[in-house]
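Only one structure is covered here, and it is reproduced in the block below.
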Amino acid sequence: MVKTNTFLLNLMSSPGSGKTTTLLQTIKLIKDTFRIGVLEADIDSDVDAKKIAATGVKAIQLHTGGMCHLDAKLTKQGLDEIGTEDIDIAVLENVGNLVCPASFDTGAIKNVMILSVPEGDDKPLKYPKMFKICDALIVNKIDTMSVFDFDMKLLKERVTKLNPKMKVFPISAKTGEGVRAWVDWLSEQAESVIK
Ligand SMILES: Nc1nc2c(ncn2[C@@H]2O[C@H](COP(=O)(O)OP(=O)(O)O)[C@@H](O)[C@H]2O)c(=O)[nH]1
Ligand SMILES: [Mg+2]
């Protein structure tokens with residue numbers, strides 16, 4: 001039986017934007033405050049689940065059987081498997097893809113996406129649906145700004161046009177810069193559900 005006061009977060013991005021690295025940084029900052037569980041969705045392999053489990057938090061790998069996204073049924077199966085009785089924040093690391101996951105409701109309370117600097121500031125123009133359905137946008141890899149033509153101001157304008165309520169958190173999951181602001185927002189969202 002899935003208990004109802006677990007905060008479920010759906011984390012989406014293109015492959016390689018930094019979902020797992022951002023989760024590792026996030027776990028470091030909140031694992032003493034919240035009990036965390038991570039559902040790693042991939043078409044194959046369990047490398048990400050192993051990386052997360054090495055931090056000491058609960059982690060399982062979900063194989064989507066070739067599907068390019070998670071849906072509510074698979075998510076429910078994953079939550080049943082991991083067991084949410086001792087989890088305050090459950091995170092779905094969705095399949096790397098900016099298209100399909102935007103069209104499926106996983107049942108998560110908040111949808112968050114990561115866009116990394118090397119992907120470019122034009123992605124809201126190309127994948128508007130993903131930017132419309134998310135509550136927060138993490139702009140990762142800001143440590144690489146100097147080698148990419150990435151205009152943060154222009155990105156924010158493009159995002160606001162599609163989704164005026166979107167919170168934007170520029171971070172480097174590598175150096176830890178900006179991660180605190182993202183973690184504070186996540187903690188606030190989670191506390192409102194857990195308490
Ligand atoms: N320079 C830099 N590299 C990063 C950052 N975050 C992740 N990476 C690297 O990007 C690659 C993909 O990261 P990963 O977390 O596996 O992405 P995922 O596929 O979205 O889970 C790895 O080589 C990471 O080390 C960052 O903030 N800065
Ligand atoms: Mg990953």
Side-chain angles (χ1 to χ4, degrees), residues 8-31 36-70 74-75 78 82 89-102 104 106 108 110-121 123-124 126-127 130-131 133-152 155-156 167-186:
L8 182 60
L9 175 78
N10 179 21
L11 185 60
M12 297 171 284
S13 83
S14 302
S17 302
K19 293 179 294 302
T20 306
T21 314
T22 300
L23 276 177
L24 292 170
Q25 284 281 359
T26 304
I27 288 166
K28 224 181 350 184
L29 293 183
I30 60 171
K31 75 173 182 183
I36 302 162
V38 179
L39 282 69
E40 287 289 344
D42 275 304
I43 287 172
D44 208 344
S45 119
D46 60 356
V47 288
D48 283 356
K50 281 187 174 148
K51 278 187 200 162
I52 300 288
T55 67
V57 308
K58 267 174 124 180
I60 60 165
Q61 188 77 46
L62 297 177
H63 288 144
T64 60
M67 274 200 319
C68 54
H69 60 269
L70 276 174
L74 252 176
T75 303
I82 199 168
I89 300 178
V91 184
L92 304 172
E93 180 177 331
N94 214 314
V95 183
N97 181 340
L98 285 182
V99 184
C100 317
F104 289 84
T106 58
K110 294 289 172 192
N111 289 311
V112 173
M113 67 172 293
I114 302 179
L115 175 73
S116 63
V117 166
E119 291 167 79
D121 53 35
K123 291 302 163 290
K126 297 182 179 179
Y127 305 98
M130 180 59 86
F131 287 83
I133 62 123
C134 282
D135 303 286
L137 164 68
I138 293 171
V139 185
N140 188 32
K141 308 196 187 181
I142 57 170
D143 57 289
T144 68
M145 287 284 276
S146 62
V147 286
F148 291 96
D149 295 325
F150 189 95
D151 187 334
M152 188 67 81
L155 173 83
K156 285 182 179 170
K167 300 273 176 211
V168 181
F169 300 102
I171 73 160
S172 167
K174 184 176 176 174
T175 67
E177 188 184 350
V179 176
R180 174 57 69 184
W182 145 249
V183 163
D184 285 348
W185 179 83
L186 174 64

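Just follow the structure's listing: the first ligand is 1, and inside any ligand the first atom is 1. In this chain, numbering begins with 1 at the start of the sequence shown. Values in this document were obtained by computation on a predicted structure and should not be read as measured data.
Between the side chains of S13 and K19, at least one donor N or O sits under 3.5 Å from an acceptor N or O.
Atom 23 (O) of ligand 1 lies below 4.0 Å from none of the non-hydrogen atoms of the protein.
Here D42 does not reach the Mg ion (ligand 2): none of its N/O/S atoms is less than 2.8 Å from the metal. The Mg ion (ligand 2) does not have T21 among its coordinating residues (no N/O/S atom, backbone or side chain, under 2.8 Å). Residue contacts to the Mg ion (ligand 2): E40 brings no N, O or S atom closer than 2.8 Å.
Polar contact check, T20 against ligand 1: a nitrogen or oxygen pair lies under 3.5 Å apart. An N or O contact shorter than 3.5 Å is missing between P15 and ligand 1 by distance. Residue contacts with ligand 1: I171 is placed with no nitrogen or oxygen under 3.5 Å of a nitrogen or oxygen of the ligand (distance criterion only). For ligand 1, the polar-atom distance check finds no N/O of I142 at less than 3.5 Å from any of the ligand's N/O atoms.
At a 4.0 Å heavy-atom cut-off, ligand 1 touches T21 through backbone and side chain alike. Residue contacts with ligand 1, taken as heavy atom pairs separated by less than 4.0 Å, involve T144 solely via side-chain atoms from C-beta onward.
Shown in contact with K19 at under 4.0 Å from a heavy atom are these atoms of ligand 1, numbered in order with element: 15 (O), 17 (O), 18 (P), 19 (O), 20 (O), 21 (O).
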